[in-house]
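All remarks here apply to the structure that follows.
Residue numbers count from 1 along this sequence.
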Amino acid sequence: MLLISTSQQLSDVRRQLEELKQAQAKFKSCIENVGEVKPQNKGTTILVPLTNSLYVPGHLSDAENVIVDVGTGYYVKKSRAQATKYYETKVEYIRTNLDTLQETIQKKQENMTYLVNVMQAKLQQSQAQPTKV
């Protein structure tokens with residue numbers, strides 16, 4: 001029972017790790033996208049994402065500022081430098097969480113190995129003892 005619980009916990013933490021990696025990749029992509037908004041691109045036609053899979057043509061009228069999604073449906077106008085800093089902060093925050101989760105995974109794997117070894121030792125011990133009739 002303890003082995004199953006530990007295995008489930010390990011699986012959950014690994015899933016969280018993958019979700020954090022995806023979020024980190026998204027923020028890194030945002031940094032790259034902000035870097036593409038340059039004063040020399042002012043007035044050009046761009047594709048504006050409405051969803052992950054739907055883009056519409058738009059006109060770049062302000063190359064100094066961008067709109068940043070700060071979560072839960074709120075957007076804030078920031079300068080390119082502020083937006084880059086915001087996303088870099090998010091990437092760093094996620095990196096520290098990834099490091100913590102990596103440590104947690106390592107500890108849980110060690111616990112699983114220990115439990116398996118104890119169970120194998122008990123099984124071998126019980127098989128080695130003669131059965132009493």
Can you give each donor-acceptor pair under 3.5 Å made by side-chain atoms of residues 93-101, sequence neighbours left out, with the distance rounded to 0.1 Å?
{"unit_1": "Arg95", "atom_1": "NE", "unit_2": "Glu92", "atom_2": "OE1", "d": "3.2"}
{"unit_1": "Arg95", "atom_1": "NE", "unit_2": "Glu92", "atom_2": "OE2", "d": "3.2"}
{"unit_1": "Arg95", "atom_1": "NH1", "unit_2": "Asp99", "atom_2": "OD2", "d": "2.6"}
{"unit_1": "Arg95", "atom_1": "NH2", "unit_2": "Glu92", "atom_2": "OE2", "d": "2.5"}
{"unit_1": "Thr96", "atom_1": "OG1", "unit_2": "Tyr93", "atom_2": "O", "d": "2.7"}
{"unit_1": "Thr100", "atom_1": "OG1", "unit_2": "Thr96", "atom_2": "O", "d": "3.1"}

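- Between atom OG of residue Ser5 and atom CG of residue Leu10 there is a gap of 11.0 Å, rounded to the nearest 0.5 Å.
- Sorted by first and then second residue, the side-chain hydrogen bond (donor to acceptor under 3.5 Å, both in side chains) pairs with a member in residues 19-32 read Arg15-Glu19; sequence neighbours excluded.
- Judged as a side-chain hydrogen bond (donor to acceptor under 3.5 Å, both in side chains), and not counting sequence neighbours, Ser7 has no contacts.
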Show the atom names and distances, to 0.1 Å, of all donor-acceptor pairs under 3.5 Å that link a side chain in residues 108-119 to residues at least two apart or in another chain.
{"unit_1": "Lys108", "atom_1": "NZ", "unit_2": "Gln9", "atom_2": "OE1", "d": "2.9"}
{"unit_1": "Glu110", "atom_1": "OE2", "unit_2": "Gln106", "atom_2": "NE2", "d": "3.1"}
{"unit_1": "Thr113", "atom_1": "OG1", "unit_2": "Gln109", "atom_2": "O", "d": "2.9"}
{"unit_1": "Asn117", "atom_1": "ND2", "unit_2": "Thr113", "atom_2": "O", "d": "3.3"}

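- Separating the CG atom in Leu20 from the CD atom in Gln102 is a distance of 10.5 Å, to the nearest 0.5 Å.
- Residues forming a side-chain hydrogen bond (donor to acceptor under 3.5 Å, both in side chains) with Glu36 (at least two apart in sequence, or on another chain): none.
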Listed pairs under 3.5 Å, donor-acceptor, residues 54-75 side chains, sequence neighbours left out:
{"unit_1": "His59", "atom_1": "ND1", "unit_2": "Gly43", "atom_2": "O", "d": "3.4"}
{"unit_1": "Asp62", "atom_1": "OD1", "unit_2": "Glu64", "atom_2": "N", "d": "3.0"}
{"unit_1": "Asp62", "atom_1": "OD1", "unit_2": "Asn65", "atom_2": "N", "d": "3.4"}
{"unit_1": "Asp62", "atom_1": "OD2", "unit_2": "Asn65", "atom_2": "ND2", "d": "3.0"}
{"unit_1": "Asp69", "atom_1": "OD1", "unit_2": "Gly71", "atom_2": "N", "d": "2.9"}

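- Side-chain polar atoms of Asp12 and Gln8 form a donor-acceptor pair below 3.5 angstrom.
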